[in-house]
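The structure under discussion appears below in the form of structure tokens.
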2 protein chains.
Amino acid sequence: MGKLLNNCQERGLRLTNQRELVISIIENSNDHPDVDELYKRAAEKDNSVSIATVYRTVKLLEDANLIEKLEFGDGRARYEESGKHHEHLIDVETGEVIEFIDEELEELKKQIANKLGYKLIDHRLELFGKKIKL
Amino acid sequence: MGKLLNNCQERGLRLTNQRELVISIIENSNDHPDVDELYKRAAEKDNSVSIATVYRTVKLLEDANLIEKLEFGDGRARYEESGKHHEHLIDVETGEVIEFIDEELEELKKQIANKLGYKLIDHRLELFGKKIKL
DNA sequence: CTAAATGCAAAACCTTTGCCTCAAA
DNA sequence: TTTGAGGCAAAGGTTTTGCATTTAG
């Protein structure tokens, strides 16, 4: 069973068909679907799912810190599982999202927060770039 | 005259009272007002300004790369003058926004983009932290 | 059974836009 | 005078919510 579903059980949340479905879609998505996209993918498998439930489910998971809200500047919230521990570079020409992880960057962010007298709780970073032609 | 106003003239845009007012508010704000806040501050000085004009003005300035849109995750766009060249750390307990600049970080972001085969065009970074009690 | 979750549609937000009027150049 | 800009209100898009109904536990 996936981590998300597991955690929902532990928290005493009801495992409804709709929740299981939405959660499994999030767990099995490698891209960064917005709510409407999650809804479409869910509705394909079970057309009784409503978009309100998708919104309620992502809010639930977000409040539980199980998923993270991403904002790529297009006015729609996107989601991905927490703890994936990677950052995003967005190709400004194609919209493609490249994931990366850089330990030096992770360390530097903590250091900066500390230097300012803060403990780093969370962060959000997006790079926007243009592909270098070879 | 401020840089923003100056640049509008150069671009042949009309310097209406409303534009001048909105621009002066942006130039003289040290925080990160959202559109509604800009509108309120403008309306205080001239109650004929409409929120549509504020939206049109920020879009104008944003398209001209004179101001930058910030998203702190609350669903409202915030703006600040471009070229201020600083990042934001948000105090998760008070909502206070601390600005900082770290050259090592700036350099690292460029390096990371390059390593991935991209030229860094833009970026967005927010740190969220809790104040360390002494 | 009972409280929690869902579906539906309405409402709430933020933002954009059409249209007519006004004013900068 | 001419064309860009503004005001107003309606429309658009995303997200939230009230309420009656269903369902997991």
Side-chain angles (χ1 to χ4, degrees), chain A residues 1 4-26 32-64 67-79, chain B residues 1 4-26 32-43 45-64 66-79:
Chain A
M1 188 195 289
L4 265 45
L5 232 85
N6 215 341
N7 192 298
C8 284
Q9 261 195 337
E10 285 168 15
R11 303 174 127 253
L13 299 174
R14 289 192 182 170
L15 292 183
T16 62
N17 292 334
Q18 294 91 329
R19 255 181 211 168
E20 282 191 56
L21 178 53
V22 173
I23 287 174
S24 81
I25 288 170
I26 292 173
H32 306 88
D34 59 40
V35 173
D36 198 58
E37 184 58 34
L38 286 175
Y39 168 62
K40 280 178 190 148
R41 294 182 193 178
E44 267 178 33
K45 300 200 168 183
D46 175 357
N47 67 4
S48 82
V49 175
S50 75
I51 197 162
T53 293
V54 181
Y55 272 105
R56 283 192 269 238
T57 302
V58 293
K59 166 154 282 196
L60 200 73
L61 298 173
E62 195 193 353
D63 289 347
I67 62 175
E68 279 172 30
K69 184 195 274 192
L70 308 174
E71 290 174 33
F72 291 166
D74 57 5
R76 270 164 297 155
R78 293 159 184 282
Y79 293 91
Chain B
M1 191 193 288
L4 264 46
L5 230 82
N6 214 341
N7 193 298
C8 284
Q9 261 195 338
E10 284 167 17
R11 303 173 129 254
L13 299 174
R14 289 192 182 170
L15 291 183
T16 62
N17 291 334
Q18 294 93 329
R19 254 181 212 169
E20 283 191 56
L21 178 54
V22 173
I23 287 174
S24 81
I25 288 170
I26 293 173
H32 307 87
D34 58 40
V35 174
D36 199 59
E37 183 58 34
L38 287 175
Y39 169 62
K40 280 178 190 151
R41 294 182 193 178
K45 300 199 170 185
D46 175 357
N47 66 5
S48 83
V49 175
S50 76
I51 197 161
T53 293
V54 180
Y55 271 106
R56 283 192 267 238
T57 303
V58 293
K59 168 156 282 194
L60 200 73
L61 298 173
E62 195 192 352
D63 289 348
L66 296 172
I67 62 174
E68 279 172 29
K69 185 195 272 192
L70 308 174
E71 290 175 31
F72 291 167
D74 57 5
R76 271 163 295 155
R78 292 158 185 281
Y79 294 91

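When rounded to the nearest whole Å, the span between CG of Leu38(A) and C1' of dT15(D) equals 14 Å. Atom pair Tyr39(B):OH and dT15(C):C1' shows a separation of 15 Å (rounding to whole Å applied). As a whole-Å value, the separation of Asp34(B) CG from dC14(C) C1' is 10 Å. The separation between Arg11(A) atom CZ and dA5(C) atom C1' is 16 Å, rounded to whole Å. The nearest whole Å value for the distance from the CD atom in Glu62(A) to the P atom in dT16(D) is 9 Å. The separation between Asp74(B) atom CG and dT14(D) atom P is 18 Å, rounded to whole Å. Between the CD1 atom of Ile23(A) and the C1' atom of dA5(C) there is a distance of 13 Å, given to the nearest Å. The nearest whole Å value for the distance from the CZ atom in Arg56(B) to the C1' atom in dC19(C) is 11 Å.
Here Leu13(B) lies in heavy-atom contact (under 4.0 Å) with sugar-phosphate atoms only.
Taking only side-chain atoms of Lys59(B), from C-beta outward, the nucleotide of dT16(C), dT14(D), dC8(D) with the closest atom is dT16(C). When distances are taken from the side chain of Val49(A) to each of dG7(C), dA5(D), dC8(D), the shortest belongs to dG7(C). Of the candidate nucleotides dT15(C), dG6(D), dT6(C), dG6(D) has the atom nearest to the side chain of Thr53(B). Nearest to the side-chain atoms of Arg14(B) among the listed nucleotides dG25(D), dG7(C), dT3(D) stands dT3(D).
Look at Lys59(B) and Asp63(B) and you find no salt bridge, because none of the NZ, NE, NH1 or NH2 atoms lies under 4.0 Å from a carboxylate O. Salt-bridge check for Glu44(A) with Lys40(A): failed, with every basic side-chain N at 4.0 Å or more from each acidic carboxylate O.
Side-chain contact between Val35(B) and Tyr79(B): present, with at least one pair of heavy atoms (C-beta onward) separated by less than 4.5 Å. Counting only heavy atoms from C-beta outward, the side chains of Ile67(B) and Leu4(B) approach each other to under 4.5 Å.
Distance OG1/Thr53(A) to CG/Leu60(A): 11.0 Å, rounded to 0.5 Å.
With hydrogens and angles ignored, no donor-acceptor pair closer than 3.5 Å exists between the side chain of Arg19(B) and the base of dA5(D).
Mapped onto DNA chain C by nearest heavy atom, Ala77(B) and Thr57(A) fall at different nucleotides, with Thr57(A) at the one closer to the 5' end.
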